[in-house]
Number of protein chains: 2
Amino acid sequence: MTSVSTEPRDTDGPSPATAPTGGSAAQRERRRRILDATISLAAEGGFDAVQMRAVAEQAEVALGTLYRYFPSKIHLLVSALAREFTKDVDRSAIRATPGETAHERIMYVLNRRTRALQKQPKLTEALVRAFMFADQSVTGEIHEVGTSLTTVIARAMHGTPDHGEVTEEEAAIIRIISDVWLSALISWVTGRMDEKDVEKSIDVAVRLLLR
Amino acid sequence: MTSVSTEPRDTDGPSPATAPTGGSAAQRERRRRILDATISLAAEGGFDAVQMRAVAEQAEVALGTLYRYFPSKIHLLVSALAREFTKDVDRSAIRATPGETAHERIMYVLNRRTRALQKQPKLTEALVRAFMFADQSVTGEIHEVGTSLTTVIARAMHGTPDHGEVTEEEAAIIRIISDVWLSALISWVTGRMDEKDVEKSIDVAVRLLLR
DNA sequence: GACTGATGTAGAACGTGTTACAAGTCTAGA
DNA sequence: TCTAGACTTGTAACACGTTCTACATCAGTC
């Protein structure tokens, strides 16, 4: 795998469908097919099974087209992750998180999400490893994922879908919780932690940070 | 890049120099040359510049030999990281860490190490990304790195080279600090944080956790 | 309807991680 | 010293991410 250099790619202009929205209906449809194929292949065989030729074939686009939409395998996978996370955010906006205390609510949302990921270990492995391997050129997509995660945790912290302002201290706490969650997730993906460990490690972090 | 499957490799027995010690003098010497070449290439051009053929050539071993010593590029880079970290641990054993409080001492060691890494951005990029991308087959080397980091922080926490027992709570705190530090490091490597951000994010975590 | 530029297609080609193989070299033990 | 087996070498081959090229298609403009 070759990581993309620091320089931006000298494309002939904006890509046709870099953003989830925009482009013609056919283009949005192609983009969807590509991401669906990515998720499907990843769910079956993990990171290695997401082969660009296979994605192109399953999505019924040419290889060149795939690369026009997503400039690398990492972009592709992180975009897929971003799409999944965005769904979660939308869901969390609908209703208040159950739980008496901030601790309980945060654990509720993180555990729910963790268990959802653990039900599809291969998929999670693919997405998490791509996320961790991403370099500078993927900043946009990475940021999208980070924002989703932050939003969901902030909502859980306050217990209401419309979290007001978060203080600077709260923002710092949320960032730390995210870091711990991601670290735990990657430890789980690579077999260095089991499911109990993940849950416990997050619980301890939340407890220590919210006391 | 192809990640190694879940199954262990069916080697014909133990590798000649998987561990830093053991093997003949010539083998330890080869291992050293290989890791030196790795560090040197990484320092110059980062992850992409560590090409297996180039490493083999610079270390003056055949490609097949390189693979006999390190079964993949990731193993190679994480082993290099482990060697560097081990040096640090040895150094930290020599004398007490300066600083009045645990907070000060922990910040002292982490900042010192962070700044050392930041002086060689390409090298750090290579090592950190390899660490993050590592899969199940690299568990041993990863664990070595984790242990080094934990030891150094534990020593700083207590302020003496011979840290006694760490309580379970302390161990949890140390793990969280490590997670935050690694996350910050990867954010820095990929240009999502600058040096000040890294320092601050760790400072906040340590403050919140040790209060 | 014909032209034009952007987009899509099919497939070859290239680079680098990884594996395979045949032949040379070194080492321990008879 | 001789031999068996492990280790090393040099090189070719393979897989997959990525790039490139030639051609087809489609949308908008005249």
Side-chain angles (χ1 to χ4, degrees), chain A residues 1-5 9-18 22-31 33-34 38 41 45-57 59-78 126 129-130 133-135 137-138, chain B residues 1-5 9-18 22-31 33-34 38 41 45-57 59-78 126 129-130 133-135 137-138:
Chain A
M1 159 170 332
T2 299
S3 68
V4 184
S5 77
R9 241 143 99 52
D10 62 332
T11 50
D12 313 340
S15 296
T18 296
S24 68
Q27 286 176 334
R28 280 198 305 281
E29 176 62 15
R30 261 188 218 101
R31 189 187 147 92
R33 283 208 313 276
I34 291 172
T38 303
L41 287 166
F47 188 88
D48 289 349
V50 181
Q51 299 183 359
M52 299 306 269
R53 290 172 179 86
V55 172
E57 188 181 355
E60 298 183 283
V61 298
L63 190 55
T65 305
L66 172 53
Y67 273 95
R68 180 184 277 271
Y69 280 66
F70 300 96
S72 78
K73 174 170 173 173
I74 298 294
H75 281 84
L76 174 59
L77 281 164
V78 177
R129 289 184 61 210
F133 194 68
D135 71 3
S137 70
V138 199
Chain B
M1 159 166 339
T2 299
S3 68
V4 183
S5 78
R9 241 141 101 49
D10 60 334
T11 51
D12 313 338
S15 297
T18 296
S24 69
Q27 286 176 334
R28 280 198 306 281
E29 177 62 17
R30 262 189 218 102
R31 189 187 148 93
R33 284 208 311 276
I34 291 172
T38 303
L41 287 166
F47 188 87
D48 288 349
V50 181
Q51 299 183 359
M52 300 305 269
R53 290 170 179 85
V55 172
E57 187 179 357
E60 298 184 284
V61 298
L63 191 54
T65 305
L66 173 53
Y67 273 95
R68 178 181 276 271
Y69 280 67
F70 300 96
S72 78
K73 174 170 172 173
I74 299 295
H75 281 82
L76 175 59
L77 280 164
V78 177
R129 292 187 55 212
F133 194 67
D135 71 3
S137 71
V138 199

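For clarity, every value in this text was computed on a predicted model and none was experimentally measured. The sequence lines fix the lettering, A, B, ..., with proteins before strands; numbering per chain opens at 1.
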Whole-Å distance between C:dT16 C1' and B:K73 NZ? 8 Å

Nearest listed nucleotide, side chain of B:A62, among C:dT7, D:dT18, D:dG10: D:dG10

As a test of understanding, state which of B:E57, B:M52, B:R53 forms a side-chain contact (heavy atoms from CB on, under 4.5 Å) with B:L66. B:M52

Would you mind classifying the nucleic acid contact of B:E60 as base, sugar-phosphate or nothing, using non-hydrogen atoms under 4.0 angstrom? sugar-phosphate

Looking only at side-chain atoms of A:Y67, point me to the closest of D:dT19, D:dT8, C:dT9. D:dT19

Need to verify one output field. Residue with the more 5' nearest nucleotide on DNA chain D, A:Q51 or A:L63? A:Q51

Distance in angstrom units between A:L41 CG and D:dG17 P, rounded: 11 Å

Taking B:E29 for its side chain and B:A26 for its backbone only, find out whether a donor-acceptor pair lies under 3.5 Å. no

Taking atom C1' of D:dG17 as reference, at what distance in whole Å does atom CZ of A:F47 sit? 10 Å

Whole angstrom is fine here: how far is it from CG in A:D48 over to P in C:dT18? 11 Å

A:V55 near the nucleic acid: base, sugar-phosphate alone, or nothing, with a heavy-atom cut-off under 4.0 Å? nothing

Tell me the interatomic distance from A:R28, atom CZ, to C:dT7, atom P, rounded to whole angstroms. 15 Å

Let's test your reading of the model: under 3.5 Å, does the base of C:dG8 pair with the side chain of A:R30 as donor and acceptor? no

Measure from the side-chain heavy atoms of A:R68 and tell me the nearest of C:dT9, C:dG8, D:dT8. C:dG8

Expressed in angstrom and rounded to an integer, what is the separation of B:Q27 atom CD from D:dA6 atom C1'? 9 Å

Against the side chain of B:M52, the closest entry in C:dT18, D:dT18, C:dG8 is C:dT18

Hey, what do you get for OG1 (B:T65) to CD (B:E60), rounding to the nearest 0.5 Å? 12.5 Å

Six-ring centre of B:F133, B:K73 cation under 6.0 angstrom, axis tolerance 45°: no

To the nearest Å, give me how far apart OH (B:Y69) and C1' (C:dT18) are. 19 Å

Do B:R53 and D:dT11 share a donor-acceptor pair, side chain to base, under 3.5 Å? no

Over how many whole Å does the gap from A:L66 atom CG to D:dC16 atom P extend? 16 Å

